[in-house]
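Quick note: residue numbers are just sequence positions, from 1. First listed ligand is number 1; within each ligand, the first listed atom is number 1. When reading the values below, keep in mind they use all heavy atoms of this one structure, side chains included, and skip hydrogens, waters and symmetry mates.
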Amino acid sequence: MKTAPLQSARVRNEALEILSRFGVPKTAFATTGIPASSPITGELITYVRGTSPEEADAAIGDAAKAFNLWRTTPAPRRGEFVRFIAEELRAAKADLGRLVTLETGKIASEGLGEVQEMIDICDFAVGLSRQLYGKTIATERINHRMMETWHPLGVCGVISAFNFPVAVWSWNAALAFVCGDPVVWKPSEKASLTALATQAIVERAVHRFTDAPANLSVVLIGGKDIGEVLVDDSRVAVVSATGSTAMGRAVGPRLAARFARAILELGGNNAAIVARSADLDLAVRAIAFAAMGTAGQRCTTLRRLFVHENVYDRLVPRLSKVYASIKVGDPRDPGTLVGPLIDRRAFESMQWALEEAREAGGIVRGGERIEGMGGANAYYVRPALCEMREHAGPVLRETFAPILYLLRYSKLDEAVRLHNAVGAGLTSSIFTLDMREAETFISAIGSDCGIANVNIGPSGAEIGGAFGGEKETGCEREAGSDSWKAYMRRATNTINFGTQLPLAQGVQFDVQD
Ligand code: NAD
């Protein structure tokens with residue numbers, strides 16, 4: 001396999017230059033601590049100073065103080081603050097997008113797309129800041145009025161994964177800020193640099209917004225141990241945690257034990273069905289992006305494909321051709337569509353899954369490492385296509401790498417049954433021109449996922465729709481729709497403007513005085 005030379009010094013220097021342009025303070029870095037590396041070359045960019053548990057405790061206390069002030073700032077004014085963040089993000093888009101590419105290996109358009117998503121959710125939140133509507137409810141009592149009001153909830157903790165290092169923060173933070181909640185963010189330990197840069201951008205907005213309380217936005221740098229501090233602190237009213245299902249299994253019960261509100265956005269094992277009537281030209285393009293984009297490292301990545309027996313022998317050769325021709329390489333190069341895996345562990349878990357697929361009688365094409373590309377510590381792989389005999393073994397779990405398992409089906413109800421027969425329930429698609437099949441797939445007896453699409457792939461959501469999944473993918477929704485309610489508390493108010501005291505349900509309770 002021909003390999004492209006990648007210049008390691010350029011990655012490190014460029015990342016440090018961007019951080020310096022953002023004004024990230026030198027005190028954020030250290031000579032030991034949490035390594036910040038680039039998957040493009042596998043090289044160390046710098047060490048980042050970790051937050052100690054004591055510092056995390058103090059920072060949460062500071063955010064709790066910020067809540068006392070922020071909750072009384074009128075919501076449209078809070079929206080103005082988020083508008084400033086959006087403006088700063090627009091100005092910083094090129095640099096932050098590039099840093100996403102350098103730190104996580106996303107191709108250039110995806111790095112920029114991630115920042116665009118941050119801008120989009122900020123714009124959404126600005127509009128929302130004038131629409132935190134409560135209902136007025138018909139009451140059975142004369143001369144009474146009953147209504148629901150929404151109040152700020154408290155400190156919002158955000159724990160994020162490496163693969164959307166900054167967008168996930170923004171989905172939560174933009175809504176939390178307009179809802180009146182300060183945000184304490186524990187980013188992935190694999191993506192500390194983009195978090196520090198984002199915090200510097202927010203500080204620019206804070207500087208311009210004269211009445212923002214101190215510590216409205218706080219970042220805690222570290223791994224699981226610092227995440228646990230955030231999860232266990234009773235001053236943190238809601239925790240939005242994005243990551244693997246294993247992480248959610250640890251975090252969920254801890255939040256439940258203290259009755260905290262949980263937004264859990266966990267792993268996916270997403271599937272699509274290619275039906276007999278599918279537009280195969282469209283399906284091939286959609287499958288290619290959904291299965292290979294972001295090097296298979298999206299929670300929404302397409303991992304299982306059920307293909308109708310009548311089209312299987314036409315679709316699979318076309319997919320094989322696309323897989324063989326896709327350009328894997330330096331994510332900074334304009335022609336590259338698939339960048340590196342995040343690290344060695346990701347590569348090893350991919351190889352392990354492929355081995356299991358072979359043992360199960362699967363035919364595996366691709367999946368090998370491109371030796372030499374990026375250096376000894378960089379992991380570039382050819383995306384893998386696996387024709388499987390059975391829906392079993394590695395097919396049933398999420399392997400965070402570009403592996404697509406192919407299965408033949410003959411009856412739609414059988415395909416839907418297998419589609420739903422996994423732990424995760426994030427996103428799904430059907431490719432069909434048959435209205436009955438399309439409607440069945442998105443109906444109550446169809447896909448059991450939080451997202452179900454027709455004639456587009458399962459990946460690449462936009463912020464207007466509520467995002468999240470069912471079953472082992474967790475609970476609640478981020479972004480879009482009415483997700484803001486998770487960041488506020490609801491109070492029901494009943495007001496008596498009469499002189500009588502009628503009780504609900506006709507209860508009589510007459511006392512003498
Ligand atoms: P991960 O689970 O290893 O880590 C995610 C975050 O959780 C990190 O910040 C980590 O430090 C923290 N963490 C881990 N254990 C913790 C604990 N016990 N207490 C507190 N914090 C803890 O995930 P990753 O490898 O960074 O990301 C990939 C995974 O994330 C995949 O499974 C992917 O599907 C999932 N993901 C889901 C969504 C979604 O919206 N559903 C979005 C992106 C990624």
In terms of heavy-atom contacts, does [atom1] of [X] have more than 12 from other residues, nucleotides or ligands at under 6.0 Å?
X: Glu462; atom1: CD; result: no
X: Lys65; atom1: NZ; result: no
X: Lys327; atom1: NZ; result: yes
X: Glu348; atom1: CD; result: yes

What's the shortest distance from [atom] to any protein heavy atom, and which residue and atom give it?
atom: atom 32 (O) of ligand 1; value: Glu398 OE1, 2.6 Å
atom: atom 15 (N) of ligand 1; value: Met247 CG, 3.5 Å
atom: atom 12 (C) of ligand 1; value: Ile159 CG2, 3.6 Å
atom: atom 17 (C) of ligand 1; value: Lys224 CG, 3.6 Å
atom: atom 27 (O) of ligand 1; value: Ala161 CB, 3.3 Å
atom: atom 26 (O) of ligand 1; value: Phe162 N, 3.1 Å
atom: atom 33 (C) of ligand 1; value: Phe400 CE1, 3.4 Å
atom: atom 6 (C) of ligand 1; value: Ser160 O, 3.4 Å

*For side-chain contact (heavy atoms from CB on, under 4.5 Å), just list the numbers for Asp123 and Arg90, CA-CA rounded to whole Å, side-chain angles, deciding distance to a tenth of an Å, and then say yes or no.*
CA-CA 11 Å; Asp123 288 355; Arg90 281 184 168 87; 2.8 Å; yes

*May I ask you to check if Arg369 and Phe347 form a cation-pi contact, with NZ or CZ under 6.0 angstrom from the six-membered ring centre and within 45° of the axis?*
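Yes, Arg369 sits over the ring of Phe347.
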
Could [X] and [Y] be called an ion pair, given the rule that one side-chain N must be under 4.0 Å from one carboxylate O?
X: Arg235; Y: Asp233; value: yes
X: Arg477; Y: Glu470; value: yes
X: Arg258; Y: Asp232; value: no

*Go through the steps to decide whether Glu117 and Ser170 satisfy the test side chain to side chain donor-acceptor pair (under 3.5 Å), and finish with yes or no.*
CA-CA 8 Å; Glu117 198 166 5; Ser170 69; over 6 Å; no

Of all the atoms in ligand 1, which lie at a distance below 4.0 Å from a heavy atom belonging to [X]?
X: Val251; result: 17 (C), 19 (N), 20 (C)
X: Glu265; result: 37 (C), 38 (C), 39 (C), 40 (O), 41 (N)
X: Ser188; result: 9 (O)
X: Glu228; result: 18 (N), 19 (N), 20 (C)
X: Ala250; result: 18 (N)
X: Pro187; result: 9 (O)

*Please walk me through it: do Thr245 and Glu472 pass side chain to side chain donor-acceptor pair (under 3.5 Å)?*
CA-CA 6 Å; Thr245 293; Glu472 292 176 8; 5.2 Å; no

*Is a donor on one side and an acceptor on the other found under 3.5 Å between the side chain of Thr101 and the backbone of Lys106?*
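Side chain of Thr101 to backbone of Lys106, a donor-acceptor pair under 3.5 Å: yes, one is there.
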
Does [X] approach ligand 1 within less than 4.0 angstrom via side chain, backbone, both or neither, non-hydrogen atoms only?
X: Phe164; answer: neither
X: Thr242; answer: both
X: Ser244; answer: both
X: Glu189; answer: side chain
X: Asn163; answer: side chain
X: Ala241; answer: neither

*If you measure from atom 39 (C) of ligand 1 to every heavy atom of Cys299, Gly222, Ala195, Gly243, which option wins on shortest distance?*
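It is Cys299 that holds the nearest heavy atom.
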
Is [X] close to ligand 1, meaning an N/O of one under 3.5 Å from an N/O of the other?
X: Glu478; value: no
X: Arg298; value: no
X: Gly223; value: no
X: Lys190; value: no
X: Leu266; value: yes
X: Thr473; value: no

_Restricting to non-hydrogen atoms, name the atom on Leu44 and the atom on Thr46 that form the minimum distance, rounded to 0.1 Å._
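Reported closest heavy-atom pair: CD1-O, 3.5 Å.
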
*Non-hydrogen atoms of Trp185 and Val166 that approach each other most closely*: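 Between these two residues, the closest heavy atoms are CH2-CG1, 4.1 Å.
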
*Which is it for His419 and Phe441 under the side-chain contact (heavy atoms from CB on, under 4.5 Å) test, yes or no, and what are the steps along the way?*
CA-CA 10 Å; His419 173 281; Phe441 185 72; 3.8 Å; yes

_Given Phe306, Tyr405, Tyr409, the one that forms ring-ring contact (aromatic ring centres under 6.0 Å, His included) with His391_ =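 Only one of Phe306, Tyr405, Tyr409 forms a ring-ring contact (aromatic ring centres under 6.0 Å, His included) with His391, namely Phe306.
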
*Counting only heavy atoms on the protein side, is anything nearer than 4.0 Å to atom 24 (P) of ligand 1?*
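It does; a protein heavy atom is within 4.0 Å.
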
